[in-house]
S.K.: 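This is the structure, below, for whatever I ask next.
Because only heavy atoms are used, hydrogens play no part in the values below, and waters and symmetry mates are left out as well, while side chains stay in.
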Amino acid sequence: MTTSSALLRILALPALATLHSYAQTPTPPGQPSTGPGGSTYLYRSVTEYGPYYSTSSKAGDSEFIIYQPKASTLPTSLPVALFLHGYLLQIEGYPTGDSPNNYIYWIQHLVQQGYTVVYPYYDYGLEASEFTDSILRSWGTALELLEAKTGGMIPPSEDALGIQTVFTGHSMGAYQCFATAQQLTVTPVKGIPLPRAIAGMTPGIGNGSTLPTNFSQISPSIRVVLVDGDEDTVDIPTAQAIWSSIENVIPSNNRDFLEVISDSHGSPAQLGNHWFPDTNGLEDDDSGVDDRDYNVTWKLSVGIFNCVLYGTDCSYGLGHGSTEQVYMGLWSDGTPVTPLSLQDGQ
């Protein structure tokens, strides 16, 4: 070997080491095949119905969309999930800010797991204090349309307690899940049942908001899983206030409060920020769907819904810190992703 050849080889060694190191950067786990966050689906396709409106004026805040499974063989009825988006208006503008596209893969997951999903555009042009009434108008109209089998839609499932409904949401939507459920508890509305469960992800009301966070009048029959993130410092107090207000109302075995703990072992990092529940990467560090969807929002929402309605997947959705509930999978190098943390009150 010539001196020049040897020198080139020596110079190349650091570059090869860098490439090797880069190639070995751990990646997050993919979607599990089983469980409420998994890829074993009852239905492979989704049908979108609408838009519909709860007012004759077709105001933006009265618009809603309904999603149901699409298949050659469909059930005679389905439970109905109210899905409430975050208050994204100031970030993206209407209608994109409220668009289901921000959460479409989570919505599709719920539908493919056997739920009708109602998605209201509840906030356009309204003050925050008006959101709950707007939601209830669209929700009530949607249930009427479903019960009438409008456009061939599958009607809601019913049992001895009435129509089977559940709530889930992100940010302002998570907050509104509790506000809407409490309003229905205090002031019942004919044709609109209390939800059986709430899955609230990183609830937020914004800086300086005067919205109340006391939900101590909510029905004790509702089961709850509440989630915040360790890096969502602005909104952690909102989640804690909501939790404190329901602690003495909802029995401890019917509620869980969990926190997403950031893990930067690999790339993209799995951060406990405010935005991880969206599925299009908005304000987040990657392109959208990742482990925090599979093992947090998707797993916990479907898990608690299945637990309440069917008595299945309770160790995932309402596991009080069980392994199945807090498990976040493995990085590609076999290192466990930091599990969810069960918060106080258990």
Side-chain angles (χ1 to χ4, degrees), residues 31-43 67-69 71 73-83 106-118 143 146-147 154-169 174 177-178 181 184-185 192-201 218-227 243 246-247 249-258 293-328 339-340 342 345-346:
Q31 185 176 13
S33 59
T34 59
S39 60
T40 301
Y41 289 116
L42 296 171
Y43 308 100
Y67 297 88
Q68 291 198 316
T73 302
L74 291 169
T76 57
S77 64
L78 287 170
V80 189
L82 176 65
F83 191 109
W106 184 7
I107 293 169
Q108 290 175 349
H109 182 79
L110 288 165
V111 175
Q112 290 177 264
Q113 291 285 355
Y115 291 86
T116 292
V117 172
V118 175
L143 292 176
L146 287 165
E147 289 188 284
I154 304 164
S157 298
E158 298 189 41
D159 57 21
L161 298 177
I163 298 174
Q164 296 179 331
T165 64
V166 291
F167 290 0
T168 192
C177 286
F178 291 93
L184 285 170
T185 303
I192 305 182
L194 289 172
R196 310 293 176 88
I198 293 173
M201 306 297 164
I218 199 169
S219 171
S221 68
I222 299 171
R223 299 184 192 181
V224 169
V225 61
L226 180 66
V227 179
W243 181 254
I246 68 173
E247 275 188 301
V249 181
I250 297 176
S252 60
N253 62 333
N254 287 346
R255 52 179 167 81
D256 279 339
F257 184 16
L258 300 158
D293 300 292
Y294 309 139
N295 278 307
V296 185
T297 53
W298 299 9
K299 178 177 77 177
L300 296 179
S301 57
V302 174
I304 193 171
F305 297 165
N306 286 351
C307 177
V308 169
L309 297 177
Y310 305 116
T312 61
D313 293 327
C314 292
S315 63
Y316 294 91
L318 201 59
H320 312 313
S322 67
T323 299
E324 292 89 350
Q325 186 182 47
V326 303
Y327 182 67
M328 291 289 291
L340 297 170
L342 185 68
Q346 297 300 324

S.K.: Starting at CE of Met201, measure out to CG of Asp293 and round the result to the nearest 0.5 Å.
M.R.: 10.5 Å
S.K.: Quick check: does any side chain N or O of Gln31 sit under 3.5 Å from a backbone N or O of Gly37, one acting as donor and the other as acceptor?
M.R.: yes
S.K.: Can you find a pair of side-chain heavy atoms, one from Ile198 and one from Ile218, that are under 4.5 Å apart?
M.R.: yes
S.K.: Under the 3.5 angstrom rule, does the side chain of Glu324 hit a backbone N or O of Gly319 as a donor-acceptor pair?
M.R.: no
S.K.: Can you list the steps and then say if Leu146 with Ile163 is a side-chain contact (heavy atoms from CB on, under 4.5 Å)?
M.R.: CA-CA 11 Å; Leu146 287 165; Ile163 298 174; over 6 Å; no
S.K.: Give, for atom CG of Asp313 and atom CG of Leu300, the distance between the pair rounded to the nearest 0.5 Å.
M.R.: 11.0 Å
S.K.: On a heavy-atom basis, which atom in Thr165 and which in Leu194 lie closest, and how many Å separate them?
M.R.: OG1-O, 3.5 Å
S.K.: Would you say Pro75 and Leu42 make side-chain contact, with heavy atoms under 4.5 Å?
M.R.: no
S.K.: Supply the atom-to-atom distance Cys314 SG to Arg223 CZ, rounded to the nearest 0.5 angstrom.
M.R.: 6.5 Å
S.K.: Specify the closest pair of heavy atoms between Val308 and Ala197, including all atoms of both residues, with the distance to one decimal.
M.R.: CG2-CB, 3.8 Å
S.K.: Nearest 0.5 Å, please: how far is CD1 in Ile250 from OG in Ser219?
M.R.: 7.5 Å
S.K.: With a 3.5 Å distance limit and no angle check, can you tell me whether Ser33 reaches the backbone of Ser39 through a side-chain donor-acceptor pair?
M.R.: no
S.K.: State, to 0.1 Å, how close Leu184 and Pro195 come at their nearest heavy-atom pair, and which atoms those are.
M.R.: CD1-CD, 4.5 Å
S.K.: Please name the residue in the list Trp298, Tyr115, Tyr316 that meets the ring pair (Phe, Tyr, Trp, His ring centres under 6.0 Å) test with Phe305.
M.R.: Tyr115
S.K.: Show the numbers, then the answer: is there a side-chain contact (heavy atoms from CB on, under 4.5 Å) between Tyr43 and Leu74?
M.R.: CA-CA 9 Å; Tyr43 308 100; Leu74 291 169; 4.2 Å; yes
S.K.: Roughly how far, to the nearest 0.5 Å, is the CG atom of Asn253 from the CG atom of Leu318?
M.R.: 7.5 Å
S.K.: Which heavy-atom pair separates Asp159 from Arg196 by the least distance, and what is that distance?
M.R.: OD1-NH2, 2.9 Å
S.K.: With ring pair (Phe, Tyr, Trp, His ring centres under 6.0 Å) as the test, pick out the partner of His109 among Tyr294, Phe83, Tyr41.
M.R.: Tyr41
S.K.: Check Pro193 against Leu143 and note the closest heavy-atom contact, atom names and distance.
M.R.: CD-CD1, 4.0 Å
S.K.: To the closest 0.5 Å, what do you measure between OG1 (Thr116) and CD (Gln164)?
M.R.: 11.0 Å
S.K.: Tell me, do Lys299 and Pro36 make a side-chain contact under 4.5 Å, heavy atoms counted?
M.R.: yes
S.K.: Using the rule given for side-chain contact (heavy atoms from CB on, under 4.5 Å), can you reason through Val296 versus Met328, listing the C-alpha separation, both sets of side-chain angles and the distance that settles it, and then say yes or no?
M.R.: CA-CA 8 Å; Val296 185; Met328 291 289 291; 3.7 Å; yes
S.K.: Go through the side-chain N and O atoms of Trp106 and Thr168 and say whether any donor and acceptor fall under 3.5 Å apart.
M.R.: no
S.K.: Could you walk me through whether Val224 and Asn254 pass the side-chain contact (heavy atoms from CB on, under 4.5 Å) test, one step at a time?
M.R.: CA-CA 6 Å; Val224 169; Asn254 287 346; over 6 Å; no
S.K.: Can you sort out the partners of Tyr310 under ring pair (Phe, Tyr, Trp, His ring centres under 6.0 Å), two or more places apart, ordered by chain and number?
M.R.: none
S.K.: Over all heavy atoms of both residues, which pair between His320 and Leu342 is shortest? Give the atoms and the distance, please.
M.R.: O-CD2, 3.4 Å
